[in-house]
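So you know, we letter chains A, B, ... as the sequences are listed, proteins then strands, and number each from 1. No experiment lies behind these values; they were computed from the predicted model shown.
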2 protein chains.
Amino acid sequence: MIRLLIADDEDLIRGALTALLELEEDLTVAAEAATSTDAVRLAREHRPDIAVLDLEMPPADGLRAAEEISAESAIKIILVTRHARPAVLRRALAAGVQGFVPKTTPATRLAEIIRDVAAGRRYVDPDIAASALTEDDCPLSDRELEVLRASRTGASIREIAAQVHLAPGTVRNYLSAAMAKLGVNSRHAAAHRAWEQGWI
Amino acid sequence: MIRLLIADDEDLIRGALTALLELEEDLTVAAEAATSTDAVRLAREHRPDIAVLDLEMPPADGLRAAEEISAESAIKIILVTRHARPAVLRRALAAGVQGFVPKTTPATRLAEIIRDVAAGRRYVDPDIAASALTEDDCPLSDRELEVLRASRTGASIREIAAQVHLAPGTVRNYLSAAMAKLGVNSRHAAAHRAWEQGWI
DNA sequence: GTGATCGCATGACATCTGTCATCAGGAGAC
DNA sequence: GTCTCCTGATGACAGATGTCATGCGATCAC
């Protein structure tokens with residue numbers, strides 16, 4: 001019997017996933033978590049074989065939870081995400097996850113993937129993997145990503161500067177560099193583009 | 001037996017919901033749709049008792065599908081959404097839906113809600129309904145919403161003007177008015193705020 | 001040591017944005 | 001008819017933003 005931890009912030013989805021997986025003879029849901037912190041705690045308490053984590057989960061995202069769980073245990077991790085971009089996959093693999101499943105995967109496949117991972121194999125969505133190999137990597141530096149992230153809410157240069165503890169002029173330089181790299185001419189367009197690509 | 005149409009663009013979620021609902025003795029899933037256009041078509045073909053539609057669904061959103069379905073048939077509609085804001089609820093009720101269910105609803109409740117709606121009652125998430133009654137309505141005019149919508153991707157005034165077929169100066173006026181109403185001082189912050197509120 | 005590179009900052013300049021006052025043409029109200 | 005709204009448009013102005021050249025210190029290779 002493969003024991004699972006299911007983590008998703010949306011009760012409806014989490015419950016539906018649990019129902020789906022409990023239909024399988026060899027799978028059982030040992031615990032459910034609605035937040036990334038709960039996921040880490042419940043993984044520690046219940047020691048499931050596999051943790052199925054949603055990527056989009058407050059307060060820290062599922063990636064952070066995945067890092068923590070795999071750092072302190074041998075629990076295998078399958079990351080489920082709506083925002084399946086090559087960049088996200090890269091980050092997920094770096095965090096030590098064994099499975100990467102976009103929400104566009106047919107529901108019937110999920111149980112098979114779980115069994116695969118339980119058997120020690122890895123699973124990565126083939127489409128995403130293919131794009132990850134061909135697509136360009138993120139050309140932005142850490143600082144550039146940081147200021148772009150801060151500008152997503154429409155903040156002014158001054159506000160961004162305060163947030164990242166830099167001089168306003170410096171912020172403008174980073175934004176300018178990012179805009180040039182992304183081929184746009186406003187930081188808002190740059191932030192939008194970077195978000196689309198899964199870079200921030 | 002209550003016959004259902006399930007529409008959600010994410011295969012995994014749709015399949016999980018189907019599994020969840022098929023567990024109930026008196027419910028059966030007659031059709032599944034992955035797009036809003038498919039939802040309309042399958043509703044016409046299969047004549048389910050109730051259509052369970054995800055709000056966030058390409059190409060037109062679930063609201064549009066809900067309008068079309070309820071315009072041409074007596075099929076009852078339950079709208080499921082991640083982005084449950086009072087403004088969205090208002091629009092949903094105007095579109096003629098019988099049930100409004102945020103994805104934070106416990107999975108165990110969904111079947112009960114479906115039975116309620118099938119019995120001719122309405123269901124609206126109580127929290128959202130309460131906020132809808134107390135919270136301020138959207139203060140923005142149609143034009144203001146239109147230009148804000150167009151500015152979400154970080155477009156320049158000139159690009160927005162081209163999109164909405166107005167003079168650049170006029171666009172600036174509308175944006176300025178919207179910014180004043182929302183208490184911010186950049187159109188990007190205004191667009192972000194309006195999006196947060198579910199107005200665009 | 002020297003030199004190269006990198007991260008952070010500054011200042012000058014042209015352009016874009018946001019604000020505001022104003023105007024022209026319709027649509028209704030009376 | 002006149003008067004009043006409303007939508008769309010224009011122009012002027014201040015301030016914010018994007019671009020670019022430059023400076024300064026720390027680090028690293030040699």
| task | Hey, could you give me each pair passing ring-ring contact (aromatic ring centres under 6.0 Å, His included) that has a residue in residues 172-193 of chain A? Not counting sequence neighbours. | result | A:His188-B:His188
| Sub-4.0 Å heavy-atom contacts from residues 149-157 of chain B onto DNA chain C, ordered by number | B:Ser156, B:Ile157
| How does the hydrophobic cluster around A:Met1 look, that is, which other residues are in it when side-chain heavy atoms under 4.5 Å mark a link? | none
| Which residues share a salt bridge (charged side-chain N to carboxylate O under 4.0 Å, His left out) with B:Arg82, sequence neighbours left out | A:Glu10
| Are any non-hydrogen side-chain atoms of A:Ile77 and A:Val117 less than 4.5 angstrom apart? | no
| message | Contact list please: residues 179-192 of chain A against DNA chain C, heavy atoms, distance less than 4.0 Å, in numerical order. | response | none
| task | Can you sort out the partners of A:Glu67 under salt bridge (charged side-chain N to carboxylate O under 4.0 Å, His left out), two or more places apart, ordered by chain and number? | result | none
| said: Need two values: the first and the last nucleotide of DNA chain D, 5' to 3', having an atom under 4.0 Å from any heavy-atom of chain A. | reply: D:dT17 to D:dC20
| query | Considering all heavy atoms of both residues, which atom of B:Ile2 and which atom of B:Ala118 are nearest to each other, and what is their separation? | reply | CD1-CB, 3.5 Å
| query | Who are the side-chain contact (heavy atoms from CB on, under 4.5 Å) partners of A:Ala39, not counting sequence neighbours? | reply | A:Ala7, A:Ala33, A:Leu53
| query | Rounded to whole angstroms, how far apart are CD1 on B:Ile160 and P on C:dC16? | reply | 14 Å
| remark: side chain to side chain donor-acceptor pair (under 3.5 Å) filter on A:Glu112, not counting sequence neighbours, yields A:Arg109
| Non-neighbouring partners of B:Arg122 that pass salt bridge (charged side-chain N to carboxylate O under 4.0 Å, His left out), sequence neighbours left out | none
| NZ/NE/NH1/NH2 to OD/OE distance under 4.0 Å, A:Lys103 and A:Asp54 | yes
| salt_bridge(B:Arg115, B:Asp26) N-O dist < 4.0 Å | yes
| query | Along nucleotides 5-14 of chain C, 5' to 3', which nucleotides get a B, which get an S, and which get a -, given that the test is a protein heavy-atom distance under 4.0 Å? | reply | --SSBB----
Donor-acceptor pairs are to be reported for all side-chain atoms of residues 164-173 of chain A against protein atoms at under 3.5 Å, with residues two or more places apart or in another chain.
none

